[in-house]
Amino acid sequence: MADQKQLHTRRAALGCMAFGGAGTLFAIAGGVLTPIDLAVAAASPSALARVGKPLFVQISDTHIGFNKDANPDVSGTLARSIDLVNAMSEQPALIIHTGDITHLSRPAEFDTARQLFSRLRATEMHTVPGEHDTSDAGVTEYFSRFGQASDNRGYYSFDHGGVHFVGLVNVLRFRPGGLGTLGDEQLAWVTADLKGRSSSTPLVVFAHMPLWTIYEPWGWGTGDSGALMDQLRRFGSVSVLNGHIHQIVQKVEGNIRFHTARSTAYPQPEAGVGSGPGPLKVPAEELARMLGVTSVTETRHHALGLTDTTLA
Amino acid sequence: MRAKTPTIAALLATTLLACQASLAALSGQVVIKDFMFVPTTLTVKAGTTVTWANQDEEPHTVYSDTGLFRSSAIDTGEAFSFRFDTPGTYHFVCTIHPRMVGTIVVE
Ligand SMILES: [Cu+2]
């Protein structure tokens, strides 16, 4: 978790970006993704200018409807995150939202979120649901608004800029123990989706809950993600992007880069710190540094980089 | 007629008390606090209405693994109820935090 703390500072975020831009860390054939984490706290025009042309921006855990002490104004911090993205000198073609759009899956929350998203200059948004988006008894509110892209399954794929994107759902099956589950049907679909694709195609795989085990006692992982990794390993450049834990955690395993994004709503404690993964109350002046988005940037030599930005 | 009125009132009062007593006997409560269902296992008689009351800062749900009952998100200070008419053992989980599990035993 020490690496994690460093990434919370603006200096480290910019350092990470420069490193990714230099192309030395991930000098692998084909496109390579490096995360650049944009804290709202670091949203100066010069910092944004250095991000370069983003392929897409990841927004996560907006939790519209949350109103507790950890952040009584989540609509306000989402609006500031959107301002941050809109202020980038080159606009991303896509926005990817990795779930927990809402806090309680209520229609008014989805409507408020949609209204705020409509202010984004980038017009194409792709989503996957978080467990907070599917907590209505009928599990209809998310799917009636965002289900079309996936034929109401929730998982789907698409291509953009030579990159193959795969959106997955790991919040709809509940195994006691708490880890996320993809399920056999979805795993079979992934196998079919990736079959015949060239190993040099850069992949972006995104889902709400982490697709690797970060902390099992809090359910920060996906129980059957091993079968997914078996499918991804042959590809030269894979970026696995998740949300759920409201903080940046990352690791590299072979050609697979794992990265979780910050929330735009409220931070959560580091793994195992305190009684559980609830909202973390921090002094108001610190909040913006712990909220933000991740920008994925195409660097020279056809490599890609990710940037996380916070709100202050 | 005048003499009768108090008698009816007394009868009504007695009936009301009896009703309240039987209602009390046929209701059960699970409190949700600190990411736990308390008690984890609740044993009730058939016909009991069980209420899950959320006293946490976080929303939770109650989801039966057989699909018999399923709440929407229960926010802080809200509750969800379900009446158990058939004896059996009913497991449930919070879909937002699936490590939260509990059981209702209906006798
Ligand atoms: Cu819960």
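In what follows, chains are A, B, ... by sequence order, proteins preceding strands, each numbered from 1.
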Fill in the blank from the handout: By residue number, those in residues 102-112 of chain A with heavy atoms under 4.5 Å from heavy atoms of chain B are A:His103, A:Leu104, A:Arg106

Exercise for the section: Look at atom CG of A:Asp184 and say whether more than 12 heavy atoms of other residues, nucleotides or ligands are closer to it than 6.0 Å. Expected result: no

Exercise for the section: Kindly give the heavy-atom pair with the smallest separation between A:Glu131 and B:Ile96, and that separation in Å. Expected result: CG-O, 3.4 Å

Exercise for the section: Check A:Tyr266 against B:Glu58 and note the closest heavy-atom contact, atom names and distance. Expected result: OH-OE2, 4.0 Å

Practice task
Pick one of side chain, backbone, both or neither for B:Thr95, based on which atoms fall under 4.5 Å of a heavy atom in chain A.
Solution key: both

Problem - Set of residues satisfying side chain to side chain contact (heavy atoms under 4.5 Å, CB included) with respect to A:Ser118, sequence neighbours excluded - result: none

Practice task
Report the residues that fulfil side chain to side chain contact (heavy atoms under 4.5 Å, CB included) with B:Ser64, sequence neighbours left out, ordered by chain and then residue number.
Solution key: B:Thr66, B:Leu68, B:Phe69

Handout entry: Proximity of residues 132-146 of chain A to chain B, residues having a non-hydrogen atom under 4.5 angstrom
Key = A:His132, A:Thr134, A:Ser135, A:Asp136, A:Ala137, A:Val139

Exercise for the section: For residues A:Pro277 and B:Arg99, report the shortest heavy-atom separation together with the two atoms involved. Expected result: CD-NH2, 3.3 Å

Practice task
For atom CD of A:Glu216, decide whether the heavy atoms of other residues, nucleotides or ligands shown that lie under 6.0 angstrom number more than 12.
Solution key: no

Problem - Heavy-atom pairs under 4.5 Å with chain A, option from B:Phe35, B:Phe80, B:Tyr63 with the top count - result: B:Tyr63

Problem - Heavy-atom neighbours of A:Glu286 CD exceed 12 at 6.0 Å - result: yes

Handout entry: Electrostatic pair A:Lys68-B:Asp75, nearest N-O below 4.0 angstrom
Key = yes

